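Working notes for the structure below.
Quick caveat, the model's predicted, so the values are computed rather than measured. Every chain is numbered from 1 and lettered A, B, ... according to where its sequence line falls, protein lines coming before strand lines.
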Protein chains: 2
Amino acid sequence: MVADGGSLSADTPSRAARGEAVTLPQAGSEGVAARVPRSIPEASVARLAVYLRMLGELAEQGADTVSSEELAAATGVNSAKLRKDLSYIGSYGIRGVGYSVSALVHQLERALGLNHRQAVALIGVGNLGHALAGYGGFGGRGFPVTALFDVDPDLVGIHINGILVEHVRAIGDTCRERGITIGMIATPGPAAQGICDMLVEAGVRCILNFAPVVLQVPDEVEVRKVDLAVELQILAFHVARKRLVAESPETEASLAVPATDVDVVPPPDAQTNGHPVNSTLNGGMR
Amino acid sequence: MVADGGSLSADTPSRAARGEAVTLPQAGSEGVAARVPRSIPEASVARLAVYLRMLGELAEQGADTVSSEELAAATGVNSAKLRKDLSYIGSYGIRGVGYSVSALVHQLERALGLNHRQAVALIGVGNLGHALAGYGGFGGRGFPVTALFDVDPDLVGIHINGILVEHVRAIGDTCRERGITIGMIATPGPAAQGICDMLVEAGVRCILNFAPVVLQVPDEVEVRKVDLAVELQILAFHVARKRLVAESPETEASLAVPATDVDVVPPPDAQTNGHPVNSTLNGGMR
DNA sequence: ATCTGTGAAATTTTTCACAGCC
DNA sequence: GGCTGTGAAAAATTTCACAGAT
């Protein structure tokens, strides 16, 4: 995940990984159509989306079937893990053969809820927002960006990709009208919580947050965060780690964290390196 | 997470979560400065970066100390988890009081390797790339974007934020010259693997990938992936799940995955919904 | 002969809960 | 009294390894 990223990725660990999250109370009657497992682990859901993309590519290349081994290699996971992930959505493989690409695509789309179209609203049409709005990839895959909002008078009123940019004060009405189910927040950090509140108030229950703040939301709202600065910091950690390994040929200073203060950059606070160089940390988006 | 978790975040799970990953052989001598634990769990590293940001904000607001409870609430995690995360980098809290904000910032920066400046290269200066290049937030936090590359003749030669856009064929030389440690790939999907290979060849060992492909790299290279489409699909899953819960007031059809085919969108392949509407899925970046 | 689906084991991550210090 | 640091328990995730289908 590191993804997370979680954060603009990757792996971004979601606070909703508690019990309640993906788990559903299991069926009532019993016996009959006990077709589907009770729940899908959060970690698996993230990977299912990746498999789906790769399957799309394979289909394009004319593949009829894939083995778990092949698909696993292409997506960089262990094949047993892949099979287990797929088993959560049902048994759609053929033993001795593999998976039918088209059938699996269909099942994954169903499992991920992609057979309902999701209308997406994007708030904050600055630098990053523009890039997101012009993305194209969304609409093609069932995520049409259906509404755009900003506060900047220079932006409100213009069209991007044929979509009118409205003032954020219209969020409530517009989202309800157009049945928005997902909100993407690409505003500067300080504005994000307010926008988030408006979205929640308008009934939006899933939010993708690009602003560098942790949003506070009611339990029933799902937030995923994409945070560039965090991603880079995670990589920086790995750079430092690799450096350490390289420098200590064997044992010696083999610590996970260098207790030494290397201080290429002046430590506590100095001229421009303290931290808030501009308070626009990485929310400098837009 | 991430997300993506990696994926444009979040939580992006990283394939590097195997043993080797964050673990280091533990110290030699013994006894003396056994200051630091042997390794930091991958999941913790991602959160440390988040704590660091929040601490920056707290410092700005003039806070001298924070309790684990406060910092946990602000970052949306459980306070015990936060304390455990912090314990991996050492014991810098004061019992009965909390943590000194400035001291903790310093320790986190050290642990994350932010006291070495990391030179970043960005490849692909299209839509998204432009947004990333103009980001500002990076440079302010020790991640100066130091080199830009593209293949488009209209882009090569221009300056963005004072940085010259070079042709990708210069990647090897330029990266070595400027000591690039982190590469960010924001090219269309099909170009990404080739660029990745060039970066690896040039000695770059950490890569942040925005292109919608799974990069194949040697073991010693760390890749994090930020994938917008995957993030949205994860949210779509949660939308569908919430819909189910809402529709079945109690038991009834309480399945994690609707076995019914709702098919608001024609299922297998129809006109424009099959999948590869344009092969520019979400790599439509740039 | 091959490849899926899956219990069971191993590992990682999270949470609990409390001893110890301020 | 308040809050950290951390063993130990619990939960989640990953991996193993193999029975069973084709």
Side-chain angles (χ1 to χ4, degrees), chain A residues 1-2 4 6 11 13-23 35-48 51 65-73 75-101 103-104 107, chain B residues 1 5-6 11 13-23 35-48 51 64-73 75-101 103-104 107:
Chain A
M1 151 135 88
V2 193
D4 106 114
D11 192 20
S14 156
R15 137 222 59 57
R18 267 167 311 142
E20 185 269 336
V22 190
T23 313
R35 199 168 346 180
V36 187
R38 41 241 77 208
S39 76
I40 304 181
E42 180 71 9
S44 292
V45 173
R47 285 188 300 264
L48 291 178
Y51 305 150
T65 61
V66 255
S67 68
S68 61
E69 205 73 57
E70 291 163 344
L71 189 52
T75 51
V77 309
N78 171 309
S79 71
K81 174 150 59 174
L82 180 141
R83 287 199 301 279
K84 180 139 286 190
D85 285 342
L86 291 182
S87 78
Y88 291 122
I89 67 172
S91 294
Y92 301 110
I94 307 156
R95 292 171 190 233
V97 179
Y99 300 86
S100 152
V101 172
L104 196 49
Q107 293 304 331
Chain B
M1 4 352 42
D11 226 358
S14 156
R15 134 223 60 59
R18 267 168 313 140
E20 185 270 336
V22 191
T23 313
R35 200 169 346 182
V36 186
R38 42 241 76 209
S39 76
I40 304 181
E42 182 70 10
S44 291
V45 174
R47 284 188 301 264
L48 291 178
Y51 305 149
D64 278 349
T65 62
V66 255
S67 68
S68 62
E69 204 74 58
E70 291 163 344
L71 188 52
T75 52
V77 308
N78 172 309
S79 71
K81 175 151 58 174
L82 178 140
R83 287 200 302 279
K84 180 139 287 192
D85 285 342
L86 291 182
S87 78
Y88 291 122
I89 67 171
S91 293
Y92 302 110
I94 307 157
R95 292 170 192 233
V97 179
Y99 299 86
S100 152
V101 172
L104 196 49
Q107 293 303 331

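- Summarising the geometry, the separation between CD on B/Glu69 and C1' on D/dG1 is reported as 15 Å, rounded to the nearest angstrom.
- If you take OH on B/Tyr51 and CG on B/Leu82, they are separated by 4.0 Å, rounding to the nearest 0.5 Å.
- As rounded to whole Å, 13 Å separates atom P of C/dT4 from atom OH of A/Tyr51.
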Identify the pairs formed between an N or O of the protein and an N or O of nucleotides 19-22 of chain D at a distance under 3.5 Å, and give each distance.
residue : atom : partner : partner atom : Å
D/dG20  : N3   : A/Arg95 : NH1          : 3.2
D/dT22  : O4'  : A/Arg95 : O            : 3.2

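- B/Ala80 is linked by a side-chain contact (heavy atoms from CB on, under 4.5 Å) to B/Asn78, B/Arg83, counting only residues two or more places apart in sequence or in another chain.
- Atom CG in A/Leu104 sits about 9 Å away from atom P in C/dG5, given to the nearest Å.
- One finds the OG atom of A/Ser100 at 7.5 Å from the CG atom of A/Leu104 (value rounded to the nearest 0.5 Å).
- Closest-nucleotide positions on DNA chain D for A/Arg83 and A/Ser44 were compared, and the one nearer the 5' end corresponds to A/Ser44.
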Using the rule given for side-chain contact (heavy atoms from CB on, under 4.5 Å), can you reason through B/Leu86 versus B/Leu48, listing the C-alpha separation, both sets of side-chain angles and the distance that settles it, and then say yes or no?
CA-CA 8 Å; B/Leu86 291 182; B/Leu48 291 178; 4.0 Å; yes
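- Nearest nucleotide to the A/Ser87 side chain, out of C/dG5, D/dT4, C/dT13: C/dG5.
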Pull out every protein N or O sitting under 3.5 Å from an N or O of nucleotides 7-9 of chain D, one pair per line with the distance.
residue : atom : partner : partner atom : Å
D/dG7   : N7   : B/Lys84 : NZ           : 3.4
D/dG7   : O6   : B/Lys84 : NZ           : 3.3
D/dA8   : N6   : B/Lys84 : NZ           : 3.3

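- Protein atom NZ of A/Lys81 is 17 Å distant from nucleotide atom P of D/dA12, rounded to whole Å.
- Of all heavy-atom pairs spanning B/Ser44 and B/Tyr88, the tightest one is OG-CE1, 3.5 Å.
- Listed here is the closest heavy atom pair of B/Gly93 and B/Tyr99: CA-CD2, 3.4 Å.
- Among all heavy-atom pairs drawn from B/Ala72 and B/Ser79, the shortest one is CB-CA, 3.5 Å.
- Taking only side-chain nitrogens and oxygens, B/Ser67 never comes nearer than 4.0 Å to OP1 or OP2 of D/dC3.
- As rounded to whole Å, 14 Å separates atom P of D/dC3 from atom CG of B/Leu82.
- The distance between atom CG of B/Asn78 and atom P of C/dC16, rounded to the nearest whole Å, is 6 Å.
- The nearest whole Å value for the distance from the CZ atom in B/Arg47 to the C1' atom in C/dT13 is 8 Å.
- In the set C/dG5, C/dT13, D/dG5, the nucleotide with an atom closest to the side chain of B/Ser91 is D/dG5.
- Note on B/Ser68: a side-chain N or O is less than 4.0 Å away from OP1 or OP2 of D/dT4.
- Residue A/Gln107 contributes atom CD, which lies 16 Å from atom P of C/dT4 at whole-angstrom precision.
- Considering every non-hydrogen atom in both B/Glu70 and B/Thr65, the closest pair reads OE1-O, 4.3 Å.
- Atom OG of A/Ser68 and atom CG of A/Asp85 lie 11.5 Å apart (nearest 0.5 Å).
- Applying the 4.0 Å criterion to OP1 and OP2 of C/dT13, one finds that B/Tyr88 has every side-chain N and O outside that range.
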